[in-house]
Amino acid sequence: MTSEKFTVERLLKLPVLKNAKLLSGAQGIDNEIYYVDIMEVPEFSGWVRPNEFLLTTGYSFQENPFAISNLLDEMKRVGGAAIGIKTKRFLGEIPQIAIEKSEEYGVPLIDIPPEVPYIDITHSVIEQILNHQAVLLREVQEINSQFMHLVVNRRIFELVVMIGQLLNCEVAVVNQNGEIESSTPGFKPEAVLYSRRIQVGDQLRGELVLTRAVSSEDRFARICLEQAVMVLALEFSAKDSVTRARERAREDFFIELLSGTPIFEDIAQYRAKQLGFPTSKCQYIITFQAVGRRVGEDLFDRDRGQIHDLVVKELKKKGGFSANAFVGQHVVVICSTSETDLVSQRKEAVEAVHSLRQYLYEKHKVRFFFGIGLPREHLTELRGSYVEAKKALEYGRKVSRDECVFHYSDMYVEDLLMGLNHHPSLRALYEMYLLPVQDYDRKNGSQLFQTLDAYVRHGGNTKKVAEELFVHRNSVNYRVERMKDILQAEIHDPKVLLRLDLALRAYKLELVGK
């Protein structure tokens, strides 16, 4: 498909050089010529260009013919094409060492008849170079037009096949994750010999890989690759735009569901199906936030896209669907479940969230807390699950010191207490069962209140209390007896334990004692 290169062989076939003679360097007969220049100065270092045809009368070498060897060294170093010398003007004969270097380097030495004007030679050579460049430019424009047509019509496979045909090799487009997006039928990853990066702005989006090497002299191949990489960058950019638009639409719809915007269920189901949301029997909401960040560091702003991808990837491992949105400092996730009873649903959700929590910690080394709402059969009811998930997260963090995952079904008592809204009975329980112990600790520097909290949480199991507080069991028994005296109550009595538990939960929820 390309025009014939302008080489030394074609140079010698020009009418203006019909009487020229190839003296040496025949193995460089295929050297391509990009430039033509005239040199009559002894200092040529730094002036010679790659693929250049140099013309000289040898005037600057007449006192030192062996300097031609130095010129050949320079031609070899930069990749020059050939040297044309009017030997009969000043030199008479080319030194044998120059002939040998010409043969060794593959840089042809051409004897040009003295009567041929330089202007005729340069005019003919430049005409050939320009003609070649014009044909090459037309071909490149045609290729670019075809590339763009295929990209606009989203026919990337045909584009890849066309690149393979142009460059006579197997080709593939690989994304930034190393996955093959498209390839020619015979492509094998282990056969790759050349690659070009595909970037959208400063972001690496993939590579165009070939099963052949591409040298710096292969101008047509390099131009084709430049055009291919450019249009593939446009394709990746277009895909990114579509993905971002879809993600924005999904997030907008998700926020609508969370906010409780009035909408008919059948319309919600239709939009959910169009946007790839779950339409299974039950969906529930998870909300989580990071803690322990450095001051001033906003993890979600910094790694928003990565966290989104990690959440989706990990929850899909559990066989469920997830879509997520960022609401303030919380990530909100909708998940689907195929379980039908609450116990199984709760177990499935908690296991999935524990797995996600560990996965996120391994990636970010940041602790996350999670709240899980109850499942809903209808999308229009998801706001209820979202409210429950937020409550579970808020209440759980207040009442539990060691847990990170809180299911709303474990927070019924806390939600009930919050609904009492500072009821006088809660205050009475606090003053009867907690305040006397706190006063005693303040006066004596003891830790009875901490012991009381652990004692109630462990249902009166003094062994577990001792293990948690890192004290001897006898010390726990002593403290329990002391608290009995202070409260004038048998704290192991189930009725007293219930009242202590309610008072402690209300205290942690900041309903009393503050």
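Computed from a predicted model, the values in this text were never measured in an experiment.
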Exercise for the section: Name the orientation class of the two ring planes belonging to Phe368 and Phe370 (parallel below 30°, tilted from 30 to 60°, perpendicular beyond 60°). Expected result: tilted
Completion exercise
Looking only at heavy atoms, the pair that brings Lys463 and Arg473 closest together is N-NE, 3.8 Å
Practice task
With the side chain counted from C-beta on, respond yes when Thr211 and Leu193 share a heavy-atom pair under 4.5 Å apart, and no when they do not.
Solution key: no
Practice task
State whether a side-chain donor-acceptor pair under 3.5 Å links Arg49 with Tyr34.
Solution key: no
Practice task
Examine the side chains of Gln283 and Ser336 and answer whether a donor and an acceptor come within less than 3.5 Å of each other.
Solution key: no
Handout entry: Modelled atom types, side-chain donor and acceptor of Glu265 and Gln269, under 3.5 Å
Key = yes
Problem - Beyond-backbone contact of Arg479 with Leu469, side-chain heavy atoms, under 4.5 angstrom - result: yes
Practice task
Could you go through the side-chain hydrogen bond (donor to acceptor under 3.5 Å, both in side chains) check for Gln345 and Thr337 one step at a time?
Solution key: CA-CA 7 Å; Gln345 290 169 347; Thr337 178; 5.3 Å; no
Practice task
For residues Lys508 and Glu414, determine if any side-chain heavy atom of one lies less than 4.5 Å from a side-chain heavy atom of the other.
Solution key: no
Problem - Stepwise side chain to side chain contact (heavy atoms under 4.5 Å, CB included) test for Leu167 and Leu225 - result: CA-CA 9 Å; Leu167 303 183; Leu225 289 173; 3.7 Å; yes
Handout entry: Tyr440 and Arg442, any side-chain heavy atoms less than 4.5 Å apart
Key = no
Exercise for the section: Would you mind checking if Lys484 and Glu490 are paired as a salt bridge, meaning a charged N to carboxylate O distance below 4.0 Å? Expected result: yes
Exercise for the section: Please work out whether the ring planes of Tyr507 and Phe449 are parallel, tilted or perpendicular, with thresholds of 30° and 60°. Expected result: perpendicular
Practice task
Would you indicate whether the side-chain heavy atoms of Val332 and Phe254 approach each other to under 4.5 Å?
Solution key: yes
Practice task
Assess the side chains of Gln289 and Arg397: does a donor N or O sit below 3.5 Å from an acceptor N or O?
Solution key: yes
Handout entry: Test item: side-chain donor near acceptor, Asn461 and Tyr455, under 3.5 Å
Key = no
Practice task
Indicate whether the side chain of Ser409 and that of Arg346 have a donor and an acceptor atom separated by less than 3.5 Å.
Solution key: yes
Practice task
Classify the side-chain pair Thr184/Glu170 by whether it contains a donor and acceptor separated by less than 3.5 Å.
Solution key: yes
Exercise for the section: Decide whether Asn175 and Glu181 meet the rule of one side-chain donor and one side-chain acceptor closer than 3.5 Å. Expected result: yes
